[in-house]
Amino acid sequence: MTKHTYDMGVVGNCAFLALIGTDTAVRWLCWPRFDSSFVVGPLLDEQKGGEFSIRPATAFTSSQYYIQNTNVLCTEITTAEGSYRVTDFAPRFLQYERYYKPLMLIRKVEPLTGAPRVRVACRPVGEYGQLELTRRRSSNHIAFLGLEEEIRLTTNIPLTYVLDEEDFVLNETKYLVLTYGAPLEAALESTAERFLTGTLAYWRSWVKSTSIGSFNQEQVIRSALALKIHQYEDTGAIIAASTTSLPEAPGSTRNWDYRFCWMRDTYYILTAFNNIGHSEELERYFHFIANISTKVKDKFQPLYGIGGQSELTERELPLAGYLGNQPVRIGNDAYTHIQNDVYGQVLVALLPLYVDCRFQDPSRQAPLPLLEEALRLIDTTMDQPDAGLWEFRHIAQKHCYTYLFHWAGSQAALRVARALGNQALESKASRLLQVAQQHLEACFDSSRGVYTNAIGSSNLDASTIQLITMGYLDPASEKARHHLVELEKELKTPEGLFYRYRHPDDFGTPETTFLICSFWYVEALACVGRLDEAIREFEQLITYTNHLGLLSEDVDARTGSQWGNFPQAYSHVGLVNAAYRIAKKLDKPSFVA
């Protein structure tokens, strides 16, 4: 069987994201927001998805790489006639004391050798390919009309060649600037170069301010850079992935829209940012949560739109799908689910704002009613079955993972209550901590020495690895070590990958492994003292990146193929946190006499 990888790179500026193929074609670009319709989306339909490419006129080979420590992507094309490089980036830099991050994709095209012939095509679309845009030619740009805002391509390539999609000899550097809304009105060449210089400097400075150990530093940096551009800076929301409907396995119909903010995912993401010393993202996310909390009625949803929308109605689109995989879905009905771990997730995610001395005046930044409401919801849902973190659509159980976060959330609330001297809150948090612990122990199968996925169930679930990594089980205890061994027996593949679970769900038995679970496993190995194994497993896992170090959601253990939405923030979070855990274990102080 052949190995499938996503041969694309991602660029972004915390306002939008774009995926660029190794043939220079933009495979995915949504405007004006992460969750908007694509304006270029051949990833899901080659016919209806439009096009924006700078392809050679003849047969070619290509290579693709990031400029080191940046989100600036280079694609080099080599033909018999010559070679050229396309540099793609989304401008981001400090200007007038705030970040300049326009809806603007800049493409710099440079000849490298010989006289290559290239063909530029630019055909954006609207309404997920259902709307063809009209074109208006001006002196130095082409306007595409039909959406709420104008899309404009500004370029120094002869417009005739672009409109007719005719090939031409590339004998000097050319620029293409695609904008949504506000167009580029300044001088093209000098402005594009200035924006490139500023964007390179911004990303290098951001990386330089990142605190990471020496363990697999290059891959951790790439994951951190990918994570950063999955935050929608305007509101602070962090999306799970930039795409929709890339299948978890071919033909599985497990095709979901991940362009939303999951409460659960953001806890892990913020832990990752905290581990690498970036607190700005945490503060922005808090403001997003605080805004949502004012609209909560009886429960927090598992996910919200990046603007705080609570209704994310799922529907199917008449598109061919990635490699023919249907359905293509937008929206996600998981917003209607009962997933009670979310309350503990919110409490644990916001804990640093109350107790970390780096945050000034935490009582002002983190209003107490938000914490009290989350704790109240833990209390009222303690005995309620839910859909669990894997979002079962027709299965409700009393999940071990949910009780783990009832426990962790109550513990976080207890720390805050003590920091604030709030005795009533402390008493309530202490009581719920004990009740959550009792429910967790009800998941323990004493005959096997393992915690099952739910009370009364014999099934195992990789999420219970976190009983170790989150400190519910003492990593040095025999109970923790044995629990991990039992999970290995049932859920681990010979390649070190982990299935979420092996029992049937709403769609059958899962075919592919879930990368975040594999990174949880690495963390647990480090926790229980199996450090050499943790390092070995980590180094195996990073072989499942694509050519740029980017990770998907799922991996087929048989072929090493990437599947699921891409790039998957959750997977990169797992990598960053696992590397951090290993680095801490390796960082043993040495003393010189």
Side-chain angles (χ1 to χ4, degrees), residues 263-272 274-275 282 285-286 289 293 300 339-359 362-363 365-384 386 388-389 398-444 451 455 463-477 479-480 483 520 523-524 527-528 577 580-581 584:
M263 299 293 99
R264 174 185 311 112
D265 289 15
T266 44
Y267 158 65
Y268 296 109
I269 291 169
L270 294 172
T271 299
N274 207 35
N275 285 344
L282 174 61
Y285 172 63
F286 167 72
I289 296 297
S293 70
F300 274 88
Q339 293 179 33
N340 293 329
D341 62 289
V342 66
Y343 312 121
Q345 300 275 0
V346 168
L347 288 168
V348 177
L350 299 180
L351 177 63
L353 291 171
Y354 292 90
V355 300
D356 192 323
C357 294
R358 290 174 296 177
F359 298 100
S363 61
Q365 292 185 47
L368 197 58
L370 171 57
L371 185 145
E372 291 174 331
E373 178 65 4
L375 199 62
R376 183 188 71 80
L377 288 166
I378 286 177
D379 195 5
T380 58
T381 62
M382 185 68 77
D383 288 301
Q384 181 186 60
D386 70 358
L389 83 161
K398 295 183 178 181
H399 287 98
C400 183
Y401 181 87
T402 297
Y403 291 122
L404 173 62
F405 273 91
H406 283 347
W407 174 84
S410 299
Q411 194 172 63
L414 186 61
R415 289 185 62 189
V416 173
R418 288 171 176 167
L420 300 179
N422 187 322
Q423 291 186 346
L425 188 66
E426 181 178 349
S427 176
K428 185 172 187 177
S430 295
R431 176 178 61 82
L432 291 175
L433 190 66
Q434 292 175 356
V435 175
Q437 186 171 351
Q438 291 167 5
H439 284 72
L440 279 168
E441 290 309 309
C443 298
F444 186 65
Y451 287 81
I455 294 175
S463 67
T464 63
I465 291 172
Q466 291 184 82
L467 292 166
I468 300 169
T469 58
M470 295 195 67
Y472 177 77
L473 293 177
D474 178 357
S477 69
K479 196 172 189 180
H483 174 66
W520 288 342
E523 281 198 76
C527 285
V528 301
N577 289 338
Y580 174 81
R581 187 84 68 165
K584 281 189 70 177

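Note that the numbering runs from 1 along the sequence shown for the chain.
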Check: Where is the tightest heavy-atom contact between A417 and E426, given as atom of each residue plus distance?
Finding: CB-N, 3.4 Å

Check: What distance do K428 atom NZ and I378 atom CD1 have between them, rounded to the nearest 0.5 Å?
Finding: 9.5 Å

Next item on the list: Find the distance between CD (Q345) and CG (L270) and round it off to the nearest 0.5 Å.
Entry: 10.5 Å

Next item on the list: Return yes if some donor-acceptor pair links the side-chain N/O of S427 with the main-chain N/O of A424 below 3.5 Å, else return no.
Entry: no

Next item on the list: Indicate yes or no: at least one non-hydrogen side-chain atom of L371 is less than 4.5 angstrom from one of V416.
Entry: yes

Next item on the list: For side chain to side chain contact (heavy atoms under 4.5 Å, CB included), just list the numbers for L375 and L425, CA-CA rounded to whole Å, side-chain angles, deciding distance to a tenth of an Å, and then say yes or no.
Entry: CA-CA 9 Å; L375 199 62; L425 188 66; 3.7 Å; yes

Next item on the list: Give the minimum heavy-atom separation between G409 and L347, together with the two atoms involved.
Entry: O-CD1, 3.5 Å

Notebook entry, point to check: Is there side-chain contact between L433 and W407, with at least one heavy-atom pair below 4.5 Å?
Noted result: yes

Check: What distance separates M382 CE from Q438 CD, expressed to the nearest 0.5 Å?
Finding: 9.0 Å

Next item on the list: Heavy atoms only: give me the nearest A480-D474 pair and the separation to one decimal.
Entry: CB-O, 3.3 Å

Next item on the list: Could you grab the distance from atom CD1 of I269 to atom CG of N577, nearest 0.5 Å is fine?
Entry: 10.0 Å

Checklist line | From L440 atom CG to Y472 atom OH, the distance as rounded to the nearest 0.5 Å | finding: 4.5 Å

Next item on the list: Give a yes or no on whether the backbone of Y580 and the side-chain of N275 come within a donor-acceptor separation of less than 3.5 Å.
Entry: no

Note to self: Whether the side chain of T381 engages the backbone of Q384 through a donor-acceptor N/O pair (distance < 3.5 Å, no angle test) should be reported.
What the structure shows: no

Checklist line | Verdict with reasoning, D383 to H439, per side chain to side chain donor-acceptor pair (under 3.5 Å) | finding: CA-CA 9 Å; D383 288 301; H439 284 72; 2.7 Å; yes

Next item on the list: Would you mind reporting whether I289 and M263 have side-chain heavy atoms less than 4.5 Å apart?
Entry: yes

Margin query: Any heavy-atom pair between the side chains of Q434 and S430 that's under 4.5 Å?
Written below: no

Margin query: Are W520 and S463 packed together at the side-chain level, in the sense that at least one heavy-atom pair is separated by less than 4.5 angstrom?
Written below: yes

Checklist line | Side-chain heavy-atom pair R264, F405 within 4.5 angstrom cut-off | finding: no

Margin query: Tell me whether S410 contacts the main-chain N or O of H406 through its side chain, where contact means a donor paired with an acceptor under 3.5 Å.
Written below: yes

Next item on the list: Take the angle between the ring planes of H483 and Y451 and call it parallel below 30°, perpendicular above 60°, tilted in between.
Entry: perpendicular

Margin query: Show the nearest heavy-atom pair for residues K398 and C443, with the distance to one decimal.
Written below: O-SG, 4.5 Å

Margin query: For Q437 and Y403, which I'm curious about, is there any donor-acceptor pair between the side chains at under 3.5 Å?
Written below: no

Check: Hey, what do you get for OH (Y343) to CD (E373), rounding to the nearest 0.5 Å?
Finding: 9.0 Å

Note to self: Are the side chains of L467 and C400 in contact, using a 4.5 Å heavy-atom criterion?
What the structure shows: yes

